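A short write-up of the structure that comes next.
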Amino acid sequence: MSRATIRSAAVGAEATLRDVLLVVTDERCADHLAGSFHPERPERLRAAIEGVAQSGVADGVETIVPKQASDIDLARVHTAELITRIRSIGARGGGRLDPDTVMNDASLDAALLAAGSALTATEELISRPELTNAYCVVRPPGHHATEGQSMGFCLFNSVAIAAAARVAAGERVAIVDIDAHHGNGTQDIFYADSNVLFASIHQSPLYPGTGAVTERGAEEAFGTTINLPLPPGATGDVARAAIDDVIAPAVDEFAPDWIFVSAGYDGHRSDPITDLGYTSADLADLVASVRDLAPARRTVVLLEGGYDLDAVRDCSAAVTAELLGERHRPESPTSGGPGREVVAEARRLHRGAE
């Protein structure tokens with residue numbers, strides 16, 4: 001019996017004990033403004049929170065506010081120069097970090113809260129056995145921010161900051177990124193770190209242009225980076241095969257203490273800036289598949305992208321229900337799209353001939 005099977009059985013056996021989902025969010029994250037008509041807008045946060053309320057399991061949700069990440073937390077993954085720059089621009093009332101990434105006078109607080117959300121979630125899950133998994137509904141997103149550069153709407157890399165804190169505590173972490181855009185920042189930060197497995201299912205070609213199937217890690221961490229760059233129009237069945245055939249066996253062998261999910265909802269077929277073909281049911285299925293690989297009460301999901309408000313609401317609702325072991329499906333799953341050859345190639349690279 002595989003570790004994944006054992007863990008899944010344990011999850012089922014403990015279902016009666018796991019009846020509270022922790023949602024970490026703060027309305028101050030809506031005060032960050034990236035500019036007029038910018039797709040990364042405050043309404044995204046509100047839509048995701050509305051989804052939690054509409055999930056059908058809201059009575060099983062406990063909501064708390066995050067602590068702000070400290071400079072010590074940030075410095076585990078970011079350079080002192082980047083931290084100083086962001087703090088300086090914030091103190092001046094805002095400014096531009098890159099062509100797509102802009103701060104106003106509230107952005108620093110929002111970014112520190114977002115960066116602290118998964119730190120807060122892990123601390124709560126460790127100390128409170130009545131909690132099931134955690135869902136961090138925050139913005140700005142984080143997975144494009146590299147060690148020394150804010151980019152792609154992202155100031156600090158929230159999921160990387162939380163993962164690095166667990167590594168510093170002597171644990172191993174798997175990060176699964178299901179955003180339509182490749183999480184280049186998260187990959188870069190952990191590319192040579194054998195304590196973190198990073199796996200991404202994303203659209204290609206698409207910003208930022210990274211995430212080829214041949215990008216597999218460096219030095220002793222070779223093989224702990226997994227990329228599945230799917231073509232435009234890929235549907236949920238292809239993404240699910242990516243998890244079942246490639247990511248799940250790798251996670252099972254890696255045996256992490258925690259799994260973090262960078263949950264971008266921009267893979268939804270209604271998203272205005274991407275071209276994947278998922279529905280909210282597909283995205284919930286992906287989160288559920290990843291959750292089933294984790295030790296009990298050790299899955300933290302973070303909101304990343306997603307720019308169609310109705311899609312964000314529906315995805316958030318479906319994911320919230322799944323994290324409590326329930327089903328809420330505003331839409332049907334999809335199938336029949338392209339990309340199976342990418343899954344086959346990744347399987348060949350990471351699993352070899354079987």
Side-chain angles (χ1 to χ4, degrees), residues 20-30 32 39-66 110 113-114 117-118 120-121 131-143 153 158-159 176-181 201 236 239 259-274 276-291 299-334:
V20 179
L21 171 66
L22 185 69
V23 171
V24 185
T25 191
D26 196 306
E27 61 185 10
R28 289 174 289 176
C29 289
H32 161 62
E40 209 294 274
R41 59 202 192 275
E43 290 80 7
R44 296 181 59 246
L45 183 79
R46 298 177 184 123
I49 289 298
E50 288 172 8
V52 173
Q54 295 174 14
S55 64
V57 296
D59 57 348
V61 169
E62 179 181 334
T63 301
I64 65 171
V65 297
L113 289 165
S117 65
T120 301
L131 295 175
T132 176
N133 309 303
Y135 180 25
C136 299
V137 184
V138 289
R139 61 179 285 276
H143 70 152
F153 313 164
S158 302
V159 72
V176 180
D177 192 323
I178 59 172
D179 193 285
H181 300 87
I201 307 170
I259 290 186
F260 296 156
V261 183
S262 279
Y265 300 146
D266 47 4
H268 193 281
R269 59 190 177 188
S270 297
D271 197 87
I273 64 174
T274 68
L276 291 176
Y278 307 158
T279 63
S280 55
D282 295 318
L283 286 153
D285 285 345
L286 297 182
V287 170
S289 294
V290 174
R291 174 209 60 206
T299 301
V300 179
V301 176
L302 294 90
L303 178 65
E304 296 280 6
Y307 307 102
D308 179 90
L309 299 181
D310 289 338
V312 169
R313 186 179 303 107
D314 286 348
C315 290
S316 186
V319 166
T320 297
E322 276 295 349
L323 289 173
L324 272 169
E326 302 292 339
R327 290 179 65 84
H328 173 79
R329 292 294 189 268
E331 304 168 281
S332 298
T334 60

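These figures come from a predicted structure and were not determined experimentally.
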Y278 to L283 - nearest heavy-atom pair and separation: CD1-CD2, 3.9 Å
message: Would you say CD of E43 has more than 12 non-hydrogen atoms from neighbouring residues, nucleotides or ligands within 6.0 angstrom?
response: yes
task: Grab the two heavy atoms, one from A110 and one from H32, that are nearest each other, plus how far apart they are.
output: CB-CB, 3.7 Å
- request: Mind listing the closest non-hydrogen atom pair of A48 and L303 along with its distance?
  value: CB-CD2, 4.1 Å
- line: For I178 and A263 the tightest heavy-atom approach is CG1-CA, 3.9 Å
message: Testing L323, V301, L324 one by one against N133 for a side chain to side chain contact (heavy atoms under 4.5 Å, CB included), which residue passes?
response: L323
L309 side chain near R44 side chain, heavy-atom distance below 4.5 Å: yes
task: Starting at OG1 of T63, measure out to CG of L22 and round the result to the nearest 0.5 Å.
output: 8.0 Å
- prompt: Is the shortest heavy-atom distance from the side chain of T299 to the side chain of V290 under 4.5 Å?
  reply: no
query: Side chains of D308 and H268: is there a donor and an acceptor less than 3.5 Å apart?
result: no
- prompt: Do you know the tightest heavy-atom contact between E304 and S262?
  reply: OE2-OG, 2.9 Å
message: Please report the interatomic distance CZ(R313) to OG(S280), rounded to the nearest 0.5 Å.
response: 11.5 Å
query: Which heavy atom of Y307 sits nearest a heavy atom of R41, and at what distance?
result: O-NH1, 3.4 Å
message: Rounded at 0.5 Å granularity, tell me how far CG in D59 sits from CG in L21.
response: 11.5 Å
task: Check whether any side-chain heavy atom of H328 lies under 4.5 Å from a side-chain heavy atom of T320, and answer yes or no.
output: no
statement: When rounded to the nearest 0.5 Å, the distance separating CG of L45 from CD of E50 is 10.0 Å
query: Sub-3.5 Å donor-acceptor pair from the side chain of T279 to the main-chain atoms of S332, do we have one?
result: yes
task: Look at the side chain of E322 and the backbone N and O of V287, then say whether any donor-acceptor pair between them is shorter than 3.5 Å.
output: no
query: Does T25 reach the main-chain N or O of V137 with its side chain, forming a donor-acceptor pair under 3.5 Å?
result: yes
task: Find the distance between CG (D271) and NE2 (H181) and round it off to the nearest 0.5 Å.
output: 7.5 Å
query: Distance only, no hydrogens: is a donor on one side chain within 3.5 Å (strictly under) of an acceptor on the other, for S316 and Y135?
result: yes
message: Using modelled atom types and a 3.5 Å cut-off, is there a donor and acceptor pairing between side-chain atoms of S117 and backbone atoms of V24?
response: no
query: With no hydrogens and no angle check, is any side-chain donor or acceptor of D266 less than 3.5 Å from a backbone partner on A180?
result: yes
message: Among D282, D285, D314, exactly one meets salt bridge (Lys or Arg N to Asp or Glu O under 4.0 Å) together with R329. Which residue is that?
response: D285
query: How far does CZ of R139 sit from SG of C29, to the nearest 0.5 angstrom?
result: 8.0 Å
